[in-house]
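Reminder, nothing fancy here: chain letters follow the sequence lines and each chain counts from 1.
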Number of protein chains: 2
Amino acid sequence: MSTTPSMAEIGALVGNPARANVLVALLDGRALTATELAFAARVTPQTTSGHLARLAQARLLVLEKRGRHSYYRLASPLIGRMLEGIMAAAADGPPRRRPAGMGDEALRAARTCYDHLAGRLGVALADALIARRRIVLAEDGGQVTDRGARFLTGFGVDLAASERRRRAFCRPCLDWSERRPHLAGAIGAALATRCFELGWLERMRDSRAVVISPAGRRGFVEVFGIAPINGGF
Amino acid sequence: MSTTPSMAEIGALVGNPARANVLVALLDGRALTATELAFAARVTPQTTSGHLARLAQARLLVLEKRGRHSYYRLASPLIGRMLEGIMAAAADGPPRRRPAGMGDEALRAARTCYDHLAGRLGVALADALIARRRIVLAEDGGQVTDRGARFLTGFGVDLAASERRRRAFCRPCLDWSERRPHLAGAIGAALATRCFELGWLERMRDSRAVVISPAGRRGFVEVFGIAPINGGF
DNA sequence: CCGACACTTCGGAGTCTTCCGAAGCGATCG
DNA sequence: CGATCGCTTCGGAAGACTCCGAAGTGTCGG
């Protein structure tokens, strides 16, 4: 009943809008410069610098200096999962009277979430995989079925690399724009990587949004069976 | 890049030591009265009342009035998982210069963590299950092996009840006192329930700590193969 | 019906935080 | 080498928060 100071410290860190913006901007695992983060945080560079120093001291972020730039990124995937958890709780919390149309449309369509896919595309992908019994997702975890393993291998995802068979983990991650789960974990990451490899997706500069190429558009429909309407493209 | 106000709100809520103490006290899912929570929070009842009202308004807690008592509990398992995530991040964060001997010894030995077992007992249990290839745990998720399923069924855990076979989910949860994962998810909860049923464990009043009965002591060694020394009892 | 109890609301003192302007420190470029 | 750029540090103003004492509301017990 007394071992909690550190939890409150982390809460206080996340509890400032500027710092929360920084953390969300870093959620896809990339390293951003202090100036880019100042823009994301919506405060001046001086103020941001102080915030970044505090986040780094608490080991939520790590700093890498290169030339005259300071690159900050999340200290570990653990931090990313913590933030996901907070966002999930925030998403099903009080009826958000936030306009909801506010967020960037490109982000809502398709984006990366740490190392996997989110947004309408991410959710549609998860839905399609579930509908065809290729994966099973519950609140607490998930599983790749045998037919799912065959399908993913055929698609070029190296399941063996995601650690020996039966350790190819699969986990739900609550999408904060769609408020429904999408596919995360080792499988989600591997799938996203493969889509980038195939040129189905491309990252947008200075954003976590991704754009779907014409090949990707075809592929998601033909290979995964996503209805173009549901995929939102 | 703008859809984060709610995340900061939740962070700010968790970021106050008194409120963090309240949330941790409720982590095992029980409902506690305002007065009990004031004790846990280490502030006066007036102050606690304000905190509880804010937590309830943000839907982190729900309030149930019975007679002249106000019972508060976590609004959903989602909130519990969010708190776990924060604690896990806190645990592997900066080298905690906290005396470390501070925490209640009984809590460190064995306690409930929302609905499953934690502390030295929880970690030892997970270790024993892993060593005998009954479960597999990775950072992102886990799995019950076939031999594990047979073992658990034999122990009296109803795997079918944790939703159809192959949906019996198993998930790691970072133990904040031991800083190593223990077993959570549907399987972790079912296992804990069975241990209480068998009388191997008993809850302590006004604490998340659990005491191991003599039968439990024998059982954990003989059935699970926990070395008494590692189990800490 | 009165007192004890559980809880909440109100008001104000003390404290901590956030923020920006100004200025400093290195790295890079011409 | 001097100018520019990226980032950080310093100082102080404005604001927000937490906390408790005092007092109010509703419930239970005799």
Spacing of [X] atom [atom1] relative to [N] atom [atom2], expressed in whole Å:
X       : N      : atom1 : atom2 : value
A:Lys65 : D:dC5  : NZ    : C1'   : 14 Å
B:Leu55 : C:dT8  : CG    : C1'   : 15 Å
A:Leu32 : D:dG6  : CG    : C1'   : 15 Å
B:Glu64 : C:dA6  : CD    : P     : 18 Å
A:His69 : D:dT4  : NE2   : C1'   : 13 Å
B:Asn21 : D:dT18 : CG    : C1'   : 14 Å
B:Leu52 : C:dA6  : CG    : P     : 15 Å

Side chain A:Arg217, main chain A:Ile212, donor-acceptor under 3.5 Å: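 Yes.
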Please say whether the positively charged group of A:Arg203, taken as NZ for Lys or CZ for Arg, lies over the ring of A:Phe196, i.e. under 6.0 angstrom from the six-membered ring centre and within 45 degrees of the axis.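 Satisfied, under 6.0 Å and within 45°.
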Kindly state each residue pair satisfying salt bridge (charged side-chain N to carboxylate O under 4.0 Å, His left out) with at least one member in residues 19-29 of chain B, sequence neighbours excluded.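 Pairs touching residues 19-29 of chain B that pass the test: B:Asp28-B:Arg30.
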Among the nucleotides C:dT8, D:dT9, C:dA6, which one has an atom lying closest to any side-chain atom of A:Ser49?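 Given the options C:dT8, D:dT9, C:dA6, the side chain of A:Ser49 is closest to D:dT9.
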List the residues meeting ring-ring contact (aromatic ring centres under 6.0 Å, His included) with B:His51, not counting sequence neighbours, and say none if there are none.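 Listed in chain order: nothing, the list is empty.
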A:Thr33 side chain near D:dG6 phosphate (N/O to OP1/OP2, under 4.0 Å):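 No, no such contact exists.
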Short side-chain N/O contact to D:dG6 OP1/OP2 from A:Tyr72, under 4.0 Å: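 Answer no for this pair, as no side-chain N or O of A:Tyr72 is under 4.0 Å from OP1 or OP2.
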Give me each pair satisfying side chain to side chain donor-acceptor pair (under 3.5 Å) with a member in residues 67-78 of chain B, each pair once, sequence neighbours excluded.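 Every candidate side chain to side chain donor-acceptor pair (under 3.5 Å) pair involving residues 67-78 of chain B fails, so no pair, neighbours aside, qualifies.
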The criterion is salt bridge (Lys or Arg N to Asp or Glu O under 4.0 Å); which residues satisfy it with B:Glu202, sequence neighbours excluded?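 Once residues adjacent in sequence are excluded, B:Glu202 has no partner under the salt bridge (Lys or Arg N to Asp or Glu O under 4.0 Å) criterion.
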Sidechain N-carboxylate O distance under 4.0 Å for B:Arg194, B:Glu197: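 Looking at B:Glu197 together with B:Arg194, the answer is yes, because their closest N to O distance falls below 4.0 Å.
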Quick test of your reading of the model: are A:Arg111 and A:Asp175 salt-bridged, counting only N-O distances below 4.0 Å?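 Salt bridge between A:Arg111 and A:Asp175, a charged N being under 4.0 Å from a carboxylate O: yes.
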Pairwise side-chain contact, A:Leu201 with A:Thr112, heavy-atom cut-off 4.5 Å (strictly under):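 SC-SC contact between A:Leu201 and A:Thr112 ruled out.
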Classify every nucleotide of nucleotides 14-25 of chain C by which part a protein heavy atom approaches to under 4.0 Å, writing B for the base, S for the sugar-phosphate alone and - for neither, in 5'-to-3' order. ----SSBBB---
Mind checking if B:Tyr71 touches a base, just sugar-phosphate, or nothing, with heavy atoms under 4.0 Å?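 No contact.
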Hey, which of these two, A:Arg68 or A:Thr48, hits DNA chain D nearer its 5' end, going by closest nucleotide?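 It is A:Arg68 whose nearest nucleotide is closer to the 5' end.
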Tabulated below should be each protein N or O lying under 3.5 Å from an N or O of nucleotides 1-3 of chain D; please produce it.
none

